[in-house]
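Working notes, beginning with the structure itself.
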Amino acid sequence: MLIGEILERAAIAPRVSALNKRQVLAVISEIAGRQFGLDAGVILDALAERETASSTGVGHGVAVPHARLDGLQRMRAVFVRLDHPVAFDSVDDLPVDLVFALFAPPNASTEHLRTLARVSRLLRQADLREQLRQARTPDAIHALLVQEARSSAA
C-alpha cells in the first residue's frame, strides 16, 4: 500500500494546537470523520481504546495511532504536525509532534500490519522527520511522504 493511496492532502493538518494526547486524538478523529464520512466520536473511542493497550508513540517525536473502523472500505490515513510537542507515553519518553494515524477496515489484518510497519520504518528516518517539521503546507507534507515512501520501496 502506497502512502499516496491512503493519505489525501485534505487529511493533513500542518499546524495543530493540542495540550495533551487526548486532544491530539480528538483532532485526528475530527479530520478523519470529515474525510471518511464517519462519526468522529466513534473514531476517537477506537483510537483511545487502542492507546489503552499500549502507547503508539514510537519515538523521536513520532506517534502512529491506529484503529480498525466499521464503515471503511480501504486503508486511510491522517497526518498532523503539532505546534508544540505533547507527552504521548512514547517508548523513548520524548514528547510527540508528528502524528501519522492509520485506519483500516475491520477485515484488513495483514494489510493493516504491513502498512503500519511501512509507516513506522518511513518515519524512523531522521532527515524525513526534520523535513516534515519544516514543511508548511499539506501539499509539501504530502509530497515528502509520497516521495520518500516511493524511494524507500525501490
Side-chain angles (χ1 to χ4, degrees), residues 1-16 18 21 23-36 43-44 46-51 53-69 72-154:
M1 176 76 41
L2 298 174
I3 300 296
E5 295 173 2
I6 63 171
L7 180 64
E8 299 166 17
R9 286 170 183 82
I12 298 172
R15 297 206 50 185
V16 170
K21 182 196 283 195
Q23 286 183 2
V24 172
L25 297 177
V27 168
I28 289 167
S29 298
E30 289 294 327
I31 294 167
R34 275 194 312 272
Q35 292 304 307
F36 312 159
I43 297 169
L44 179 57
L47 289 172
E49 182 179 327
R50 170 58 189 83
E51 287 295 321
S54 66
S55 176
T56 57
V58 297
H60 304 287
V62 174
V64 188
H66 49 97
R68 296 176 197 275
L69 299 175
L72 274 189
Q73 303 305 312
R74 62 184 179 88
M75 295 284 300
R76 304 287 296 270
V78 171
F79 180 89
V80 300
R81 187 182 65 225
L82 304 176
D83 287 334
H84 303 286
V86 300
F88 220 87
D89 303 314
S90 298
V91 296
D92 61 2
D93 291 324
L94 293 175
V96 163
D97 65 337
L98 301 175
V99 185
F100 194 112
L102 279 173
F103 301 96
N107 60 350
S109 295
T110 305
E111 181 183 24
H112 178 87
L113 293 175
R114 266 198 303 254
T115 305
L116 186 59
R118 182 176 211 171
V119 168
S120 295
R121 270 193 313 274
L122 186 66
L123 294 173
R124 278 190 212 127
Q125 300 174 40
D127 57 332
L128 176 61
R129 290 193 309 270
E130 190 53 39
Q131 290 173 333
L132 290 169
R133 289 180 174 117
Q134 300 304 316
R136 296 290 166 233
T137 66
D139 285 341
I141 290 169
H142 189 266
L144 284 167
L145 289 167
V146 169
Q147 173 188 3
E148 195 56 46
R150 273 196 207 119
S151 62
S152 67

Test side-chain contact (heavy atoms from CB on, under 4.5 Å) applied to Val62 and Phe88, step by step: CA-CA 9 Å; Val62 174; Phe88 220 87; over 6 Å; no

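- Sorted by first and then second residue, the salt bridge (charged side-chain N to carboxylate O under 4.0 Å, His left out) pairs with a member in residues 90-100 read Asp97-Arg133; sequence neighbours excluded.
- The shortest non-hydrogen separation linking Val91 to Val58 is CG2-O, 3.4 Å.
- Put simply, the side chain of Pro65 reaches to within 4.5 Å of the side chain of Glu51, judged on heavy atoms.
- With contacts defined as side-chain heavy-atom distances shorter than 4.5 Å, the pair Lys21/Val24 does not qualify.
- In terms of heavy atoms, Leu72 sits closest to Pro105 at O-CB, 3.3 Å.
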Checking side-chain contact (heavy atoms from CB on, under 4.5 Å) for the pair Leu123/Leu145: CA distance, chi angles, key distance, verdict? CA-CA 9 Å; Leu123 294 173; Leu145 289 167; 4.3 Å; yes

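- Annotation: the span from Ile3 atom CD1 to Leu102 atom CG amounts to 7.5 Å, rounded to 0.5 Å.
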Counting only pairs under 3.5 Å, give me each side-chain donor-acceptor contact of residues 75-85, with atom names and distances, residues two or more places apart or in other chains.
| from | atom 1 | to | atom 2 | distance (Å) |
| --- | --- | --- | --- | --- |
| Arg76 | NH2 | Glu8 | OE2 | 2.9 |
| Arg76 | NH2 | Gln35 | O | 3.4 |
| Arg81 | NE | Pro14 | O | 3.2 |
| Arg81 | NH1 | Leu132 | O | 2.8 |
| Arg81 | NH1 | Ala135 | O | 2.3 |
| Arg81 | NH2 | Pro14 | O | 2.9 |
| Arg81 | NH2 | Ala135 | O | 2.9 |
| Asp83 | OD1 | Arg15 | NE | 3.2 |
| Asp83 | OD2 | Ser17 | OG | 3.1 |

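- Among residues two or more places apart in sequence or in another chain, the salt bridge (Lys or Arg N to Asp or Glu O under 4.0 Å) test is passed with Arg9 by Asp139.
- Under a 3.5 Å cut-off, the side chain of Arg34 and the backbone N or O of Ala10 do not form any donor-acceptor pair.
- For the atom pair CD1 of Ile6 and CZ of Phe103, the computed distance is 10.5 Å after rounding to the nearest 0.5 Å.
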Run Arg118 and Thr115 through side-chain contact (heavy atoms from CB on, under 4.5 Å) and show every step you take. CA-CA 5 Å; Arg118 182 176 211 171; Thr115 305; 5.5 Å; no

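- Rounding to the nearest 0.5 Å places CZ of Phe36 at 12.5 Å from CD of Gln73.
- Take Phe100 and apply the ring pair (Phe, Tyr, Trp, His ring centres under 6.0 Å) test, not counting sequence neighbours, and it matches no residue.
- Note on residues 122-143: no pairs pass ring-ring contact (aromatic ring centres under 6.0 Å, His included), not counting sequence neighbours.
- Minimum interatomic distance between Ala13 and Ile31 (heavy atoms only, all atoms of both residues): CB-CD1, 3.8 Å.
- Among residue pairs with one or both ends in residues 118-139, none qualify as ring-ring contact (aromatic ring centres under 6.0 Å, His included); sequence neighbours excluded.
- Residues satisfying the side-chain hydrogen bond (donor to acceptor under 3.5 Å, both in side chains) criterion with Glu130, sequence neighbours excluded, are Gln134.
- Taking CG from Leu144 and CZ from Arg129, the interatomic distance works out to 13.5 Å, rounded to the nearest 0.5 Å.
- With sequence neighbours excluded, no residue satisfies side-chain hydrogen bond (donor to acceptor under 3.5 Å, both in side chains) with Ser29.
- Here CG of Leu7 is found 4.0 Å from CD1 of Ile12. Values are rounded to the nearest 0.5 Å.
- Separation of atoms CG (Leu98) and NE2 (His60) is listed at 12.0 Å; rounding is to 0.5 Å.
- The ring pair (Phe, Tyr, Trp, His ring centres under 6.0 Å) search around His66 returns His112, not counting sequence neighbours.
- When all heavy atoms of Gly33 and Ile43 are compared, the closest pair comes out as N-CD1, 3.5 Å.
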